[in-house]
Amino acid sequence: MVLEYLDFDHSDDADGAASWDALASVRPDRLPAALREVQSVLAWAHAAFGAPDAGGAELGEWSYALHCSQEGVGDRALAYDAERKALDHTPLASDSGRCTLSLTVSGSAGFSQALAQAFGLD
């Protein structure tokens, strides 16, 4: 899948573990398309690598952080429900400003390589 809204920057450490940071700033009418991309990335990660690392004793292959805000309104609730493969979010104020989504996906070298291949991030 080619991503049109999420623009990822990549960094990695000496062991190959990587962090992919994406930011998208869109008008409220374009937010559904940007959210579909976030949903696609997270659904792929869950399907390919299982549940994300919850910060416990056993570290998983990957983890993520997700945030949404809207100009003139502030932070908006946004969460991924893996069971339903869907994003849950607070309705937007349609007369307010741009929406900014941020998604950080971190993982092992294998996860990073697979993510780059799946979404054309090479």
Side-chain angles (χ1 to χ4, degrees):
M1 170 183 201
V2 175
L3 301 173
E4 295 181 33
Y5 294 95
L6 295 176
D7 185 17
F8 279 97
D9 286 323
H10 171 259
S11 62
D12 57 5
D13 64 18
D15 296 325
S19 180
W20 295 85
D21 300 302
L23 194 61
S25 180
V26 296
R27 296 184 319 266
D29 64 313
R30 301 306 305 153
L31 185 63
L35 288 173
R36 280 191 295 275
E37 288 188 4
V38 170
Q39 185 174 320
S40 293
V41 170
L42 295 177
W44 169 86
H46 275 86
F49 287 88
D53 174 21
E58 287 189 39
L59 297 178
E61 282 284 313
W62 71 287
S63 64
Y64 72 96
L66 182 59
H67 184 260
C68 180
S69 64
Q70 187 176 17
E71 288 177 352
V73 178
D75 290 344
R76 312 302 290 166
L78 179 62
Y80 181 73
D81 182 331
E83 197 169 295
R84 291 183 12 251
K85 298 179 185 170
L87 287 170
D88 295 322
H89 61 89
T90 328
L92 295 174
S94 61
D95 58 343
S96 290
R98 295 180 74 82
C99 301
T100 302
L101 293 171
S102 67
L103 173 62
T104 298
V105 184
S106 302
S108 66
F111 175 84
S112 179
Q113 291 169 353
L115 177 73
Q117 284 184 321
F119 293 96
L121 303 176
D122 312 83

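The chain is numbered in sequence order, starting from 1.
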* **Contacts of type salt bridge (charged side-chain N to carboxylate O under 4.0 Å, His left out), residue Asp21, not counting sequence neighbours** => none
* **By side chain to side chain contact (heavy atoms under 4.5 Å, CB included) - contacts of Cys99 (at least two apart)** => Val26, Pro28, Leu31, Gln70, Leu92
* **Rounded distance [0.5 Å steps], CD in Glu61 versus OG in Ser108** => 3.5 Å
* **Any pair counted as side-chain hydrogen bond (donor to acceptor under 3.5 Å, both in side chains), so long as it reaches residues 4-14, sequence neighbours left out** => Tyr5-Arg30
* Shortest non-hydrogen contact from Thr90 to Ala77? -> OG1-N, 2.9 Å
* Structure fact -> side chain to side chain donor-acceptor pair (under 3.5 Å) filter on Arg36, not counting sequence neighbours, yields none
* Asked: Atom OG1 in Thr100, atom NE2 in His67: separation rounded to 0.5 Å?
  -> 9.0 Å
* Report yes or no: does Arg98 contribute a side-chain atom to a donor-acceptor pair with the main-chain N or O of Ser25 at less than 3.5 Å? => yes
* Asked: Ser112: what forms a side chain to side chain donor-acceptor pair (under 3.5 Å) with it, not counting sequence neighbours?
  -> Trp20
* Shared hydrophobic cluster for Leu23 and Leu87 (ILVMFWY, side-chain gaps under 4.5 Å) -> no
* Sequence neighbours left out, what pairs pass side-chain hydrogen bond (donor to acceptor under 3.5 Å, both in side chains) with at least one residue falling in residues 37-51? => none
* Got a second to check how far Leu66's CG is from Tyr80's OH, nearest 0.5 Å? -> 11.0 Å
* Between Phe111 and Trp62, is a ring pair (Phe, Tyr, Trp, His ring centres under 6.0 Å) present by the stated rule, with each step listed? -> CA-CA 7 Å; Phe111 175 84; Trp62 71 287; 5.7 Å; yes
* Kindly write out the residues that satisfy salt bridge (charged side-chain N to carboxylate O under 4.0 Å, His left out) with Asp75, not counting sequence neighbours, or none if the list is empty. => none
* **Gap separating the CG atom of Leu35 from the CG atom of Asp88, nearest 0.5 angstrom** => 11.0 Å
* Asked: Hey, what do you get for CG (Leu3) to CZ (Phe8), rounding to the nearest 0.5 Å?
  -> 6.0 Å
